Amino acid sequence: MVRVIVVAVPGAGKSTILKKVVEKAPNIKIVNFGDIMLEEASKRLGINDRDELRKKINFRDYKKLQEDAAKTISRMEGDLIIDTHAVVKTTYGYYPGLPSKVVEYINPDAIIFLEFRPEDILARRMKDLSKDQSEGRRVREVEKIEDVEEHQKISLEMASAAANHVSCYLLVLRFLEPQKYPYQHADEASSKIIELIEKMKKAE
Ligand code: AMP
Ligand code: MG
C-alpha cells in the first residue's frame, strides 16, 4: 500500500495529469482532499459548494475540517494518490495544506511537487476562467507572473517542511520547457508519478 501526495498550484493541470495516471494505471486510486473537505462540510455545516466553503466557514472550523478530512483519508486502503495543495491562498495569507497533524494522518511515502512555467499556469487559468464564466460559476481573480512564482516557491517550501516532518521522500518534477505537443506535460508527469509508485511498491 503506497501513499503519495501530489501538489501543484491551482491551474497547473493536476486534475488532467491525475486523470491520465488512472487511465494508464487503473489500480491506483485518486482522492481529492478538497472533495473530502466539502463532503464533511456539507454533512456537518450545510455547505453546498466550494464557494461557500471559502466564504462561510471561519478559519477555526476550516482547520477542524481539514484535520477531519486527513483522518478520513488515513482510513482508506490501497495504493493512493492524494490530490491536494501544499498551501492554500486565502485573504489572510498562505495557509498550510499539509500542516503537521494533517501530514501525520495521511502518513505519505512521498510527496510529489509539480512545477510549471507561470505563463503556462496563467494561460490554463484563463481557459478555465472563460469556461467558468460561460457556465455561470465563480470567477477566480487574475494573478500576475510574480504572484504565481511566489505561490510555487512557498508551495515547495511547505511541501519540503511536510516531507521533513514525516520523513518521506520529496520528488520535484519540473516542466519548464514549452510543450512540443498538446498534453506533453500531462503525459510525462503522469508517467513519472506511476513510475515512482511502481518503484516503491516493488521495494515495499
Ligand atoms: P482543488 O480542487 O484540488 O484545487 O482544491 C479545491 C479546494 O480544496 C482548495 O482551494 C482548498 O480550499 C481545499 N483544499 C484542498 N486541499 C487542501 C488542504 N490540504 N488543506 C486545506 N484545504 C484544502
Ligand atoms: Mg484541481
Side-chain angles (χ1 to χ4, degrees), residues 1-39 50 66 69-88 97-98 102-103 105-125 127-128 131-132 140 148 151-152 155-156 158-160 162-163 166-204:
M1 217 170 81
V2 172
R3 285 162 176 272
V4 169
I5 293 177
V6 176
V7 296
V9 304
K14 187 157 42 83
S15 307
T16 309
I17 292 167
L18 295 181
K19 228 192 302 171
K20 279 202 189 284
V21 167
V22 180
E23 278 167 26
K24 293 178 186 174
N27 54 310
I28 299 172
K29 266 199 304 187
I30 313 281
V31 50
N32 180 288
F33 198 103
D35 286 348
I36 306 275
M37 275 180 77
L38 190 58
E39 268 170 40
R50 277 173 188 226
Q66 188 195 30
K71 242 182 261 180
T72 302
I73 292 169
S74 75
R75 293 190 288 264
M76 295 179 175
E77 310 244 334
D79 299 320
L80 208 60
I81 291 178
I82 297 97
D83 171 357
T84 188
H85 297 279
V87 281
V88 179
L98 301 170
V102 168
V103 76
Y105 280 128
I106 298 177
N107 190 24
D109 299 298
I111 299 175
I112 301 180
F113 174 82
L114 302 170
E115 184 178 344
F116 299 89
R117 295 192 313 160
E119 49 268 56
D120 288 348
I121 290 170
L122 289 176
R124 248 181 236 125
R125 286 187 189 168
K127 231 168 71 185
D128 291 349
K131 192 161 161 262
D132 281 354
R140 190 154 51 191
V148 181
H151 197 165
Q152 291 203 113
S155 288
L156 179 54
M158 292 291 213
S160 310
V166 293
S167 305
C168 79
Y169 294 92
L170 175 68
L171 178 67
V172 179
L173 299 178
R174 292 201 156 106
F175 299 92
L176 305 179
E177 297 288 325
Q179 299 192 113
K180 295 196 179 70
Y181 57 89
Y183 296 104
Q184 183 190 355
H185 290 166
D187 232 359
E188 291 173 6
S190 56
S191 295
K192 290 247 164 76
I193 292 169
I194 295 168
E195 201 183 294
L196 176 69
I197 293 174
E198 296 301 334
K199 236 193 305 192
M200 291 191 121
K201 272 168 70 85
K202 261 195 216 141
E204 234 175 347

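For the numbers below, each heavy atom of this structure counts, side chains included, while hydrogens, waters and symmetry mates do not. No experiment lies behind these values; they were computed from the predicted model shown.
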Worksheet item: What residues form a side chain to side chain donor-acceptor pair (under 3.5 Å) with D109, not counting sequence neighbours?
Response: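 With neighbours one apart ignored, the set is empty.
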Apply side chain to side chain donor-acceptor pair (under 3.5 Å) to E188 and list each qualifying residue two or more places apart in sequence or on a separate chain.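 In terms of side chain to side chain donor-acceptor pair (under 3.5 Å), with neighbours along the sequence ignored, E188 is linked to Q184.
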Keeping [X] on the side-chain end and [Y] on the backbone end, is there a donor-acceptor pair under 3.5 Å?
X    : Y    : value
Q152 : F116 : yes
K14  : T84  : yes
H85  : A8   : yes
K192 : D187 : no
E115 : F175 : no

Enter the distance from [X]:[atom1] to [Y]:[atom2] here, rounded to the nearest 0.5 Å.
X    : Y    : atom1 : atom2 : answer
E195 : L171 : CD    : CG    : 9.0 Å
I30  : L80  : CD1   : CG    : 8.0 Å
R75  : Y105 : CZ    : OH    : 9.5 Å
K20  : L18  : NZ    : CG    : 12.0 Å
C168 : I5   : SG    : CD1   : 6.5 Å
I112 : I197 : CD1   : CD1   : 6.0 Å

Evaluate side chain to side chain contact (heavy atoms under 4.5 Å, CB included) for R125 paired with V148, printing each intermediate quantity in order.
CA-CA 11 Å; R125 286 187 189 168; V148 181; 4.0 Å; yes
I need the minimum non-hydrogen distance between A186 and I17, along with the two atoms involved.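 Closest heavy-atom pair between A186 and I17: CA-CG1, 3.7 Å.
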Might you point out which heavy atoms bring R3 and S74 nearest each other, and give the distance in Å?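 Residues R3 and S74, closest heavy atoms: NH2-O, 3.6 Å.
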Could you tell me whether [X] atom [atom1] has more than 12 heavy atoms of other residues or ligands within 6.0 Å of it?
X    : atom1 : answer
E177 : CD    : no
E23  : CD    : yes
K24  : NZ    : yes

